[in-house]
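All figures in this text were calculated on a predicted structure; none of them were measured in a lab. What's counted below: heavy atoms across the whole structure, side chains too, no hydrogens, waters or symmetry copies. We number each residue from 1, following the sequence as shown.
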Amino acid sequence: GLGDVYKRQILESDIIWYHNHLRSYRNRYLLETGAANPSARTLNTPKEDIGEMMKMVIAHEVGHALGLPHNMSASRAYEVESYRNGAFTQEFGIASSIMDYARYNYIAQPGDENIRFIRQIGPYDHYAINWGYRQIDKVMSPEDEVDTLSQWILDKADDKKYTFGKQSSRFDPISQTEDIGDDAIKASTYALSNLKIVAQNLPAWTSDQTNDYEDLNELYGELLSCYNRYVRHVLEYTGGVEEQLISPKQNKIAYQAVSKSKQEASLKWLHDNAFKTPQWLLDKSILQNINYKGYTQRLKTLQSRYINALLNEDRLLRLIDHHAINADNYTALSLMQNLRNGIFSEIRTAKNVDVYRRNLQHSYVNRLKSLMEKDLNSDISAITRAEMNTLNNQLKTAKNRAVNTMTKYHYRDLIETIDTVSYTHLTLPTIYSV
């Protein structure tokens, strides 16, 4: 052993349990698992379930006390379909580490049996604790441990259950918070199928039981947050980079752009589930009982976030970099063309544009306008200018075809918005009068 040569000690640790923690976990349990989990369909969550949630939250915090950071790749270790397998979930939980932000099994579908819905300690946790705390014989200094510790890592390097993903990797769709499964498109498709069932039953599980609308209002707001998370998990494939924390001995690439086919599939999913108006979120029996206004603006806020995130300068520059490295990679030009064609699908016909789609199209034009008014000095400016010109020409033709008055006014407004783009980043010469 090491004797007195060196020692590691945990001197003191506190775990703080906030007063509203149980309420938060109750709400997410209902929203994320209620479709497939009868125990979650209530505001009075069974004590056994709440107790299991508490145990796992505390286990996560104990992990931090023992030196474990968040591992945001732990949930990608398991295939999406495994979450519908009762025996698998009972043995392995919903992530290979308790240190991931993977709280509930939102993939399991109604009719799936013997499902574990709550997270638990996984194989990565045993591996990490062993690596950090196992006594290694015949060593007299930390340096003497290096070869053994390095070999333990290499032994597990090709097994996804023992992969580590940094929380700070904002560009990596594999290391996201609150996601589960190895394919966000499949996982979020299952998740939305469940969330639609929950939305239909939300009044029955809340206001019908309490005889007021406070809980319905609170749960509907959190339901939108769930929807937003599921959408963002898919969105991050676009311009995404998979990060592998490797050593040169592993003969792998540390940063690999997400495949072109995956990025194209991601955008198709976004058009189908985020930009095509999600009418199931606009249930009158909910909206008209929780507020007197804001029905269109809440959805506009969400959709604007997705447009701004997709057309974020850093994401666009990543796409430009990736294409420069490999001509087969997805491009920033393809992204902008894809968004324009999908978001303005009505423009090629005489179809009316409803208020939700008008808001969406305004958000898109405003984002392009914002990009044009910055001194980006890159291909972003050239692509954005070309896209605005193309869109402007399409709008002028569509304006003359439009039958609906509001659609005609909408197209005119977009045309004027594009025509009045200002180039505030240009430094104009000062003119002196004499």
Side-chain angles (χ1 to χ4, degrees), residues 14-65 68-72 74-75 83 93-95 97-108 115-122 167 176-181 187-188 191-192 194-199 201-210 212-233 281 286 290-291 298 301-302 305:
D14 294 304
I15 294 173
I16 299 172
W17 189 278
Y18 293 102
H19 74 282
N20 61 345
H21 217 46
L22 291 178
R23 189 179 188 92
S24 172
Y25 273 81
R26 177 203 70 177
N27 289 357
R28 288 191 56 174
Y29 192 52
L30 184 154
L31 294 168
E32 295 186 34
T33 78
N37 180 13
S39 295
R41 299 167 189 167
T42 175
L43 295 172
N44 300 308
T45 311
K47 291 182 180 179
E48 295 79 8
D49 294 7
I50 284 288
E52 184 68 10
M53 294 175 209
M54 290 182 67
K55 183 168 72 172
M56 292 306 145
V57 173
I58 292 170
H60 175 102
E61 303 307 335
V62 169
H64 284 315
L68 300 184
H70 289 138
N71 178 3
M72 295 309 178
S75 53
Y83 290 86
I94 61 174
S97 173
I98 194 72
M99 303 311 297
D100 199 339
Y101 277 1
R103 303 173 201 275
Y104 299 116
N105 181 350
Y106 56 72
I107 289 173
I115 299 295
R116 181 177 176 87
F117 290 96
I118 300 170
R119 61 180 168 174
Q120 65 183 21
I121 293 171
Q167 184 176 5
Q176 297 194 69
T177 64
E178 311 291 352
D179 66 330
I180 56 175
S188 288
L192 290 190
N194 282 336
L195 203 59
K196 290 173 184 178
I197 295 172
V198 172
N201 289 279
L202 204 56
W205 297 345
T206 57
S207 54
D208 288 359
Q209 305 301 317
T210 61
D212 63 54
Y213 293 112
E214 289 185 15
D215 289 288
L216 177 62
N217 185 23
E218 180 179 338
L219 267 294
Y220 179 73
E222 292 197 28
L223 183 144
L224 293 180
S225 296
C226 284
Y227 169 78
N228 179 61
R229 284 194 295 273
Y230 300 148
V231 171
R232 288 303 298 258
H233 292 159
L281 284 174
I286 296 177
I290 63 173
N291 211 324
R298 289 183 93 163
T301 298
L302 288 174
R305 289 177 188 168

Here the gap from I98 atom CD1 to K55 atom NZ, rounded to the nearest 0.5 Å, amounts to 10.0 Å

Counting heavy atoms not belonging to E218, are there more than 12 under 6.0 Å from its CD? yes

To the nearest 0.5 Å, what is the distance between CD1 (I50) and OG1 (T45)? 4.5 Å

If we only count heavy atoms from C-beta on, is the N217 to T206 side-chain gap below 4.5 Å? no

Between H64 and H70, how do the two ring planes meet: parallel, tilted or perpendicular, split at 30° and 60°? perpendicular

Hey, does the side chain of R41 reach the backbone of L30 with a donor-acceptor pair shorter than 3.5 angstrom? no

List in chain and number order the residues that pass side-chain contact (heavy atoms from CB on, under 4.5 Å) with S207, two or more places apart in sequence or in another chain; answer none if no residue qualifies. P203, Y213, L216

Across all chains, not counting sequence neighbours, the ring-ring contact (aromatic ring centres under 6.0 Å, His included) partners of F117 are none

Within the structure provided, determine whether W17 and E61 are in side-chain contact (heavy-atom separation under 4.5 Å). no

Scanning both residues in full, the closest heavy-atom pair of V198 with A35 reads CG2-N, 3.8 Å

Please report the interatomic distance CH2(W205) to OG1(T42), rounded to the nearest 0.5 Å. 10.5 Å

Going by salt bridge (Lys or Arg N to Asp or Glu O under 4.0 Å), name the residues that satisfy it together with R298, two or more places apart in sequence or in a different chain. none

Side-chain donor/acceptor of H60 to backbone N/O of M56, under 3.5 Å: no

With the side chain counted from C-beta on, respond yes when I286 and I290 share a heavy-atom pair under 4.5 Å apart, and no when they do not. yes

Heavy-atom check, side chain of Y106 versus side chain of D179, under 4.5 Å: yes

One thing to verify: whether E32 and R103 come together as a salt bridge, which I'm taking to mean a side-chain N less than 4.0 angstrom from a carboxylate O. no

H233 to S188 - nearest heavy-atom pair and separation: CB-OG, 4.1 Å

Nearest atoms (heavy-atom pairs only) where P46 meets S39: CD-O, 3.3 Å

Spell out, as yes or no, whether a donor-acceptor pair under 3.5 Å connects the side chain of N228 to the backbone of L302. no

Side chain to side chain, L22 and M53, heavy atoms closer than 4.5 Å: no

Donor-acceptor contact present, side-chain Y227 to main-chain L195, <3.5 Å: no

When rounded to the nearest 0.5 angstrom, what distance separates CG in D215 from CD in E222? 10.5 Å

dist S75:OG -> N105:CG (nearest 0.5 Å) comes out at 11.5 Å

Would you call the rings of Y104 and Y29 parallel, tilted or perpendicular, taking 30° and 60° as the class edges? tilted

Note: L31 and L219 closest approach over all heavy atoms is CG-CD1, 3.7 Å

Heavy-atom side-chain contact between L224 and L281 under 4.5 Å: yes

Would you call Q176 and D100 a side-chain contact if the rule is heavy atoms closer than 4.5 Å? no

Looking only at atom types and distance, does a side-chain atom of R26 sit under 3.5 Å from a main-chain N or O of L43, one as donor and one as acceptor? yes

For the CE atom of M99 and the CD1 atom of I121, what is their distance to the nearest 0.5 Å? 10.0 Å

Using a distance-only test with no angle check, is there a side-chain donor-acceptor pair under 3.5 angstrom linking N71 and S97? no

